[in-house]
Amino acid sequence: MSQIQEKTQVIRLEQLTSDIVRLTLDAPEISSIASPGQFVMIRTGNTSDPLLRRPFSISQTSSDGSFQILFKVVGRGTSLLSHCRKGEYLSVLGPLGRGYRIDPHRLACLVGGGMGIAPLLFLGKTIMRKYPDQGPVVVLGAKNREELAPLIDDFADLGLKVHVATDDGSLGHHGLLTDVLKALDLGPQCTTYVCGPKPMMTAVHLFCRSKHYGCQVSVETSMACGMGACLGCIVPLEKGGYGHSCSDGPVFDAEELVWSL
Amino acid sequence: MSQIQEKTQVIRLEQLTSDIVRLTLDAPEISSIASPGQFVMIRTGNTSDPLLRRPFSISQTSSDGSFQILFKVVGRGTSLLSHCRKGEYLSVLGPLGRGYRIDPHRLACLVGGGMGIAPLLFLGKTIMRKYPDQGPVVVLGAKNREELAPLIDDFADLGLKVHVATDDGSLGHHGLLTDVLKALDLGPQCTTYVCGPKPMMTAVHLFCRSKHYGCQVSVETSMACGMGACLGCIVPLEKGGYGHSCSDGPVFDAEELVWSL
Amino acid sequence: MEFVESKAPAVDLRVSIGSLSLKNPIMTASGTFGYAKEFEPYVNLHRLGAVVVKGISLLPRGGNPPPRIIETSCGMLNAIGLENVGVERFISEKMDSLKGVNVPVVVNILGDTVQEYREISKRLADVDGIAAIEVNISCPNVKKGGVAFGTVPEMAAAVTAAVKESCSVPVIVKLSPNVSDITVIARAVEEAGADAVSLINTLIGMAIDHHTRRPVLANVIGGLSGPAIKPVALRMVFQVSQAVAIPVIGIGGIETVDDVIQFMLAGATAVQIGTANFINPRASEEAVEGLSRYVVDQQLRSVRELIGGLILAD
Amino acid sequence: MEFVESKAPAVDLRVSIGSLSLKNPIMTASGTFGYAKEFEPYVNLHRLGAVVVKGISLLPRGGNPPPRIIETSCGMLNAIGLENVGVERFISEKMDSLKGVNVPVVVNILGDTVQEYREISKRLADVDGIAAIEVNISCPNVKKGGVAFGTVPEMAAAVTAAVKESCSVPVIVKLSPNVSDITVIARAVEEAGADAVSLINTLIGMAIDHHTRRPVLANVIGGLSGPAIKPVALRMVFQVSQAVAIPVIGIGGIETVDDVIQFMLAGATAVQIGTANFINPRASEEAVEGLSRYVVDQQLRSVRELIGGLILAD
Ligand SMILES: Cc1cc2nc3c(=O)[nH]c(=O)nc-3n(C[C@H](O)[C@H](O)[C@H](O)COP(=O)(O)OP(=O)(O)OC[C@H]3O[C@@H](n4cnc5c(N)ncnc54)[C@H](O)[C@@H]3O)c2cc1C
Ligand SMILES: Cc1cc2nc3c(=O)[nH]c(=O)nc-3n(C[C@H](O)[C@H](O)[C@H](O)COP(=O)(O)OP(=O)(O)OC[C@H]3O[C@@H](n4cnc5c(N)ncnc54)[C@H](O)[C@@H]3O)c2cc1C
Ligand SMILES: Cc1cc2nc3c(=O)[nH]c(=O)nc-3n(C[C@H](O)[C@H](O)[C@H](O)COP(=O)(O)O)c2cc1C
Ligand SMILES: Cc1cc2nc3c(=O)[nH]c(=O)nc-3n(C[C@H](O)[C@H](O)[C@H](O)COP(=O)(O)O)c2cc1C
Ligand code: FES
Ligand code: FES
């Protein structure tokens, strides 16, 4: 696995909503080797508080050597990051972890909830490039129009059909994204690529199991190192013992994991 | 002593040299009650590292309700502060401490070295306003022209005659500011108001003692609270025991202090 | 002693430390709040649960030479050396202004010998306006070669018993964290009659200036306080509150109401705010306000529901 | 064992830990550097003084359930629960790749009983490529009701003696800071034959989530590491290096070469970098580079001039 610690320069910082930010970083090395579902660890400040790097999915790479992350301000680290400035340098480790394993023989269905949408853009683009006939189905959900709208344009730009749901019905289906998913005709052979809140991933997993669909989920755990050294980022495995979400994951086959149903 | 904790807004941040910054803060309450030689304690960041506030002399107040500090970037706190932005809010405690006691009956001679020049502008302005006939003498010194030049204009603007010295001779006298001071004819009755590095203050004190001049010095110690609570900011007193530089000072009569000569 | 209004306020924040009732659990920590007067410009002192004053010794102490403080990562080291005016001048010069602020005053005391602790307590026993005595046992016992009273159960108990005998106000014993098992010390002082324990005092630490190759503090070692030590403090409060029946007062790195809630969940009946006062002089009053809002928002009958409310198993 | 080039390099950074010579004093701390391989993308491993691998037990351990880590102010708490592959799989699966990196490998070991420590040491005794054994004595002694070996001098000495008897490589005993007087433990293990001591292991701490009212860590308590603990570590290194004659290895919050210099001035012969590896995986190599520059800039004959070089009085 090749990984790099890169001093990356901030190219652009876009405030998509009051608390969702898109950050574009100039990182030729990381961008050139990243694959969908992988993540980076970013130092959000220059002092020892916050101490640890913060993990973010790579939401898009570009041929100009940059990549993007999409994040929500939820605490001190993300708040600091949302205040970085164009031209500033950030220390980034990456690309880290095992991403999605694209199955070219089955219909791809990308299912993203909230900030879980971030890695799916990279995945959608990659599938479109490698398997142009595939035309993956995309199902995205969030709390409301404000949170969802800015995140779906990129998928539409790819020419993908995007099905959407919001908790308050302000955009698309009023209700759960799994309702939308279940209503779609995905045929007999499908793999879902999922990222989002745990209850949503659990529901998608159960649906996939009932349909004998493949299901790959990206899990979030707390992480200190992101590179297999601290052993802090474990997820219980169905076969017993633990997997390390930073190195064995963050993407796992849903069947590998223990789900509290 | 009235003191205030004020959320102040950054009006202006001027980079005077590569590492000297002038910061203008909108702080009507603090500005209205401050007197020369007093200082403020500023939180330089929003996290717990650095933990403590940093002390800065008030270098000027304005009738529009703002005040200025002049600082050099020497570590993490000042570095953070030098990155604050216009419009941002900073938490400031002040005005703190006992400032200079102006003696209207004696010629005032303001002696500042390096960043010690900061509080003297406020003092010079105040003397000019209260005792317009006084026309204090100003002696300023620094390492070189780059560091000194941006700090002397304000004094000149007041119409004061400024005598300068630099370590490398790039501006004014080539050598110590005390050489300049000694060469001046200050008459028999003079009080020096001094702020700067310890060796410089020691030399000025010795000179004043030999001339029977008054000598008030502003001392720097490490400070945790700035308000007499932590007892961390002590200076040994000639009469025995310690003074607290944040509440008994920062300005002391030189004769009160113990000088390691 | 009763400091709460006879009519219970709308939001019930009251807690009891032995026979002492406080209108809320927010206290200030010794050595970080001066003699309270220093904070009058910033804080409505009467809104606090109690203030603990700077440690008082039998005779005045000048304290350590400078430098006495240095910032560390998320913390600070202090080696003030217990500078204080001594018990006589404390009574004559400080008590009047303290009584004026209408907040329970806890007097923190320290000594070099058990006898000194006894004498200070006796001297304070009949002074009006003292709500409780807090006994700092982190000081070196000069008769035992400088081993801190707070690190040996027997010595800690001896100091506690001496103070208890000498006064009638509630006695809070302030524990040192620099021990292998703090519950052993806590139980020893409980048995010796302590009405409450407060913890933690500072962790012993050191800083070195690599430029000068000298210790930063003139005293070489100092006490570490601030957010850096909060995890250690929280753990010790949790352990001690399970080991003793008397109330536990939590101290260490508390800055906000969130920290207060965490310490109370861990088992603290009240808390003390220390280093945070230096950074935000309003920290203590803001914690009272925050706690009041929290009790309302969470629809608690009283703040006391939080004490030891940590949920441990599923 | 000799890992330094026979010709002394231009800048002399060599130090000795008992019979083990290191080309420089920078080591990595157990549990923070995996089995070294994880850091190959970032670090030229052969430039380090030594690497210490994750603690190994007799049998494999799964470790604690999640969550295992949480960030605190300038620090982190971990309750990994000593997850490891066990000594057999360590030897069969990890040693080969470790030998490949051409850096002294120190194996950190742990056990529930003295007998376990003995058996692991015996098993490691004739494995090629092990430069030293570091004995983690912060583990609970199951035969003594879970009291940590490292908090009782006799138990610490017993473990040390058992390991010494069972192997011929240098034995480093890693001390727990959760004690009243760490010099007592240090002297006990020195007398029992330890070739060096390393300190400090983590301080015991706790974090509580006030939203859920539960401990953040599934294990309730965890070990505090990072810059927050540096002042405590520095103080203990200073005290221990004055109390024992064997080399002291300094650990705790070390991030940069400045920290390294401070620990060496305090008395450390070598240092270990722990949590900092997570934040900057190149921290250890950068410390080597920085130290080399420092020795040149300060015109020291060797880095050893720094050891215990703290200037105390005027
Ligand atoms: C592999 C991986 C990929 C990720 N990708 C993205 C991404 O693309 N975009 C994005 O916005 N976020 C992503 N996250 C989550 C992101 O790392 C956290 O939101 C971030 O670390 C929070 O840091 P903070 O300092 O702002 O919050 P903190 O101050 O650390 O915490 C603030 C609050 O947020 C909660 N919180 C902290 N971490 C998480 C978490 N991992 N999940 C949910 N709540 C949390 C805390 O419990 C606390 O209540 C990812 C996480 C992982 C493990
Ligand atoms: C009453 C008072 C008034 C002051 N007024 C001014 C002012 O008007 N302008 C100004 O530029 N500075 C002033 N200072 C000094 C200023 O407070 C420090 O430079 C500042 O606190 C350094 O913070 P930092 O986090 O950047 O440095 P740190 O990271 O804390 O320290 C960086 C380096 O600077 C050294 N250092 C830290 N504090 C001081 C100090 N007080 N003096 C000298 N070296 C120090 C440290 O030893 C270290 O080597 C004043 C200090 C006091 C006590
Ligand atoms: C500057 C300073 C002075 C202190 N003086 C005393 C004291 O006189 N007596 C005492 O019992 N504790 C003293 N303490 C310890 C505090 O009361 C408190 O126990 C400790 O600082 C931990 O709390 P904190 O992290 O909130 O500061 C002092 C602490 C500081 C920082
Ligand atoms: C995640 C983690 C795991 C650790 N595992 C071990 C271990 O297995 N054995 C051990 O002796 N110390 C272990 N430690 C302690 C470190 O080796 C070190 O003593 C401690 O973290 C202090 O150093 P630091 O502040 O540089 O991290 C671990 C520390 C961390 C943070
Ligand atoms: S985050 Fe450290 S091992 Fe996964
Ligand atoms: S800085 Fe705290 S008493 Fe002066």
With Pro60(C), which residues qualify under side chain to side chain contact (heavy atoms under 4.5 Å, CB included), at least two apart? none

For the student: nearest non-hydrogen atoms of Tyr242(B) and Pro66(C), plus distance: CE2-CD, 3.9 Å

Any residues in residues 273-286 of chain C near chain B, with a heavy-atom distance under 4.5 Å, and which are they? Thr275(C), Phe278(C), Ile279(C), Asn280(C), Pro281(C), Arg282(C)

Assess whether atom NE2 of His83(B) is packed by more than 12 heavy atoms of other residues, nucleotides or ligands within 6.0 Å. no

Within residues 43-70 of chain B, residues adjacent to chain C where the heavy-atom gap is under 4.5 Å: Arg43(B), Ser48(B), Asp49(B), Pro50(B), Leu51(B), Leu52(B), Arg53(B), Arg54(B)

Using every non-hydrogen atom in the two residues, find where Leu96(B) and Tyr42(C) come nearest and quote the distance to one decimal. CD2-OH, 3.8 Å

Enclosure of Lys99(C) NZ (heavy-atom neighbours >12, cutoff 6.0 Å): yes

Between Pro65(C), Gly31(C), Gly34(C), Gly226(C), which residue shows the highest count of heavy-atom pairs closer than 4.5 Å to chain B? Pro65(C)

Honestly, the part of Ile4(B) sitting under 4.5 Å from a heavy atom of chain C is backbone

Please report the interatomic distance CD(Glu71(C)) to CZ(Arg76(B)), rounded to the nearest 0.5 Å. 5.5 Å

Which answer fits Lys54(C), side chain, backbone, both or neither, if we ask what part of it has an atom under 4.5 Å from a heavy atom of chain B? side chain

Which bit of Glu255(C) comes within less than 4.5 Å of chain B, counting heavy atoms only: side chain, backbone, both or neither? side chain

At under 4.5 Å between heavy atoms, what parts of residues 220-238 of chain B are in contact with chain C? List them by residue number. Ser222(B), Met223(B), Ala224(B), Cys225(B), Met227(B), Gly228(B), Ala229(B), Cys230(B), Leu231(B), Gly232(B), Ile234(B), Pro236(B)

